[in-house]
Amino acid sequence: MASIAFVDTETTHLDAEIGEVWEVAVILRETDDNTPTDTEYVWQIRPNLATADPESLKIGRYLERFVVPPHAEAAWTGYDQGPVLPMMRKEVVAAVMDVLRGAVLVGSNPGFDDRFLRKLLGPGSAQWHYRPVDVATLVAGSRFGLASAIRAFGGKPSETDVPTFPFSSRAMSRFAGVEPPGDGVAHTALGDARWVRDVFDAVTGGAA
Ligand SMILES: [Mg+2]
């Protein structure tokens with residue numbers, strides 16, 4: 001089975017044609033002898049702020065959380081309370097490429113992360129599987145399935161049990177029984193990647 005990469009990025013803009021990614025978190029799930037192992041990775045990359053949308057920076061709390069030292073292009077920031085390790089941008093690009101090679105991306109609206117990661121890595125470097133999985137859509141599918149089953153047995157699903165468009169990631173998370181992260185954790189790349197993983201695990205019931 002392919003490895004699964006729960007991903008989240010924080011960016012300087014909603015549009016990857018304009019902005020850049022400044023924080024990347026990946027939780028790589030590799031399965032060996034039926035035993036899954038999750039490994040967490042977090043990097044920050046100094047972005048070009050000239051094209052940044054102040055609102056996007058505010059959402060990810062860029063000013064508060066960007067910890068790449070002034071002399072460095074990027075850093076490993078994956079040690080909780082531990083040291084920030086300065087890196088070159090090309091080293092982060094190589095590391096992200098390596099971690100994601102052959103993996104199925106799982107995210108909350110992963111097309112967004114896919115676009116920004118492709119821009120970061122450059123042409124030809126995106127070697128993850130071409131079909132990312134959106135956890136909100138996965139939960140919605142499970143709810144539609146449940147509604148169908150209720151109807152098949154002559155029942156009537158309650159209106160609040162059937163998803164409506166556009167899907168809300170927070171509503172879908174609650175459908176799956178996972179309380180979305182609160183202030184301080186939401187919109188950090190690692191906090192969001194862990195949230196995606198928890199929703200994925202809840203909706204697949206450990207079957208994937
Ligand atoms: Mg995020």
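In what follows, residues are counted from 1 in the order of the sequence shown. Keep in mind the model is a prediction, meaning the values are calculated, not measured. One-based numbering, in listed order, for ligands and for the atoms of each.
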Look only at the side chain of E10 and the backbone of E23, and say whether a donor-acceptor pair between them is shorter than 3.5 Å. no
If you look at D192, which of its N/O/S atoms is nearest to the Mg ion (ligand 1)? OD2
Strictly distance-based, threshold 3.5 Å: is any side-chain N or O of D113 a donor or acceptor partner for the main-chain N or O of T9? yes
Within 45° cone and under 6.0 Å: R143 NZ/CZ vs F175 ring: yes
Of all N, O or S atoms in D8, the one closest to the Mg ion (ligand 1) is OD2
Step by step, work out the side chain to side chain contact (heavy atoms under 4.5 Å, CB included) result for D192 and H187. CA-CA 6 Å; D192 285 348; H187 300 299; 4.0 Å; yes
Starting from the Mg ion (ligand 1), look over the N/O/S atoms of E10 and name the nearest one. OE2
